[in-house]
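Structure first, commentary second.
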Amino acid sequence: MLIVMKAHATEEDVRQVCARIESLGFRAHSMPGAQRTAIGITGNETELDPGTFDEMSGVQEVIRVSKPYKLVSRDLKEEDTVVRFANSDATVGGDEVAVMAGPCAIESRDQAFTTAEHVARAGARFFRGGAYKPRTSPYSFQGLAEDGLKILAEIRDRFGLLIVTEAVDNESLDLVEKYADMIQIGARNMQNFSLLKRAGRSRKPVLLKRGIAATLEEFLMAAEYIMSEGNYNVVLCERGVRTFADHTRNTLDLSVVPAVQRLSHLPIIVDPSHGTGKRNKVTPLSRAAVAVGADGLIIEVHPDPDRALSDGKQSLYPDQFVQLMNEVRQIAQVLGRSVAEPVANPAARQTAGSAAAR
Ligand code: PEP
Ligand code: MN
């Protein structure tokens with residue numbers, strides 16, 4: 001159920017409605033919008049009587065939500081969600097197309113710093129890199145764990161990049177939350193419900209990747225799990241799904257971008273690296289992703305892809321990433337959006353809050 005407040009409803013009205021919801025044993029999710037506040041109600045395995053709220057001060061309408069997802073839905077919030085970060089003016093879901101770039105895995109301090117400098121110069125505002133890697137083989141490189149996270153935190157301090165990195169279980173999430181700016185939930189964990197709930201209790205924004213064979217509804221329900229715990233800063237990521245096609249690693253489903261945007265207020269970005277698995281297809285699909293209206297891109301870049309410990313074949317050389325940025329910058333402009341400009345000396349640009357200040 002969803003309660004739409006009147007445009008002139010006061011904060012006290014909203015507070016009273018939330019208190020009534022909580023007193024009945026449900027959870028209230030207040031979502032202020034440009035015109036009015038809507039309050040989502042979750043936890044209702046049992047039916048709630050709409051009459052309970054009809055006569056309360058400031059209430060305009062009580063709506064029964066028939067869709068299985070509530071908090072992710074545009075019914076609850078008409079305007080696009082813009083995800084913001086502490087101590088940075090970078091956003092996901094605003095006018096600027098967010099670009100996240102970096103290696104698949106953090107392999108060493110040198111590798112990470114070299115890549116970070118390149119992607120920051122080209123205009124990326126977010127640095128990606130796994131410290132915990134979910135690998136198909138248990139014998140493949142599994143990531144540097146906390147040592148990798150420490151390198152990532154240093155990169156934030158040095159280049160002013162926001163850090164996006166994956167948590168593979170509740171234990172790693174505790175650490176990722178401490179060091180990173182955004183918690184990535186990988187495709188293989190899209191339906192790891194206890195991990196989704198844990199991410200929902202975090203105060204850091206979450207990047208939720210689409211499962212390898214997830215339908216749109218399953219994808220949105222996974223986001224609903226995170227939001228139902230109170231974390232409303234969720235960014236969806238299309239990263240390709242498994243199909244019969246074998247000319248690419250996965251089939252990048254760009255049609256999901258407008259499909260999500262129709263149903264949900266959450267931002268959606270595209271990962272053409274895992275979506276194609278092939279370096280030569282990453283730039284063309286990045287162009288297409290921006291053209292289709294994606295709110296951002298997440299791209300694998302490696303200074304020496306042939307020696308990468310994971311996903312070398314889909315990792316761009318740094319100069320290819322520069323070219324990609326130049327191209328998507330022009331495409332974004334056609335759509336009234338922007339991509340951050342190159343930065344001559346990223347080491348001089350610092351986010352105000354370095355790890356020390358957190
Ligand atoms: C990654 O981003 O490196 C990754 C493992 O992605 P996915 O979960 O989409 O496979
Ligand atoms: Mn990867």
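Read the numbers this way: they start at 1 and go in the same order the structure lists the ligands and their atoms. As the structure is a computational prediction, the values presented were derived from the model and not from experiment.
Note on ligand 1: Q184 sits in its first shell, one or more heavy atoms being nearer than 4.0 Å. The closest approach between any non-hydrogen atom of G130 and ligand 1 is not below 4.0 Å.
In this structure a side-chain-to-backbone donor-acceptor pair under 3.5 Å is present from E107 to L309. Formation of a donor-acceptor pair under 3.5 Å by the R125 side chain with backbone atoms of L162 is not found in this model.
As for E300, its N/O/S atom nearest the Mn ion (ligand 2) is the one called OE2. In D311, the N, O or S atom that comes nearest to the Mn ion (ligand 2) is OD2.
Residue K133 holds the heavy atom nearest to atom 3 (O) of ligand 1 of all those in M100, R135, E166, K133.
A distance of 11.5 Å separates NZ in K133 from OG in S140, rounded to the nearest 0.5 Å. Separating the CD1 atom in I151 from the CZ atom in R158 is a distance of 13.5 Å, to the nearest 0.5 Å. The distance from atom OG1 of T52 to atom CD1 of I21, rounded to the nearest 0.5 Å, is 10.0 Å.
Nearest protein heavy-atom neighbour of atom 6 (O) of ligand 1: K209 NZ, 2.9 Å. Closest protein heavy atom to atom 4 (C) of ligand 1: H274 NE2, 3.4 Å. The nearest protein atom to atom 9 (O) of ligand 1, hydrogens excluded, is given as R239 NE, 2.6 Å; this is a heavy-atom distance. Counting only heavy atoms of the protein, atom 2 (O) of ligand 1 lies nearest to R128 NH1, 2.8 Å. Nearest protein heavy-atom contact of atom 8 (O) of ligand 1 is A187 N, 2.7 Å.
A heavy-atom distance below 4.5 Å is not found between the side chains of V62 and L48. Residues M1 and F26 are not in side-chain contact: their nearest non-hydrogen atoms beyond the backbone lie 4.5 Å or more apart.
Those atoms of ligand 1 with a heavy atom of C104 less than 4.0 angstrom away are 3 (O). The ligand atoms of ligand 1 that sit less than 4.0 angstrom from a heavy atom of E300 are 3 (O). The R188 neighbourhood of ligand 1 comprises atoms 7 (P), 8 (O), 10 (O), with distances under 4.0 Å to a heavy atom of that residue.
For D271, no nitrogen or oxygen atom sits less than 3.5 Å from a nitrogen or oxygen atom of ligand 1, counting backbone and side chain alike. The N/O atoms of G186, backbone and side chain alike, include none that comes under 3.5 Å of an N/O atom in ligand 1.
Remark: of the listed residues Q184, R210, H274, K209, K209 is the sole one forming a side-chain contact (heavy atoms from CB on, under 4.5 Å) with C237.
The cationic atom of R109 (NZ for Lys, CZ for Arg) lies less than 6.0 Å from the six-membered ring centre of F113 and within 45° of the ring axis.
A salt bridge between R121 and E117 is present, with a side-chain N of the basic residue lying under 4.0 Å from a carboxylate O of the acidic one.
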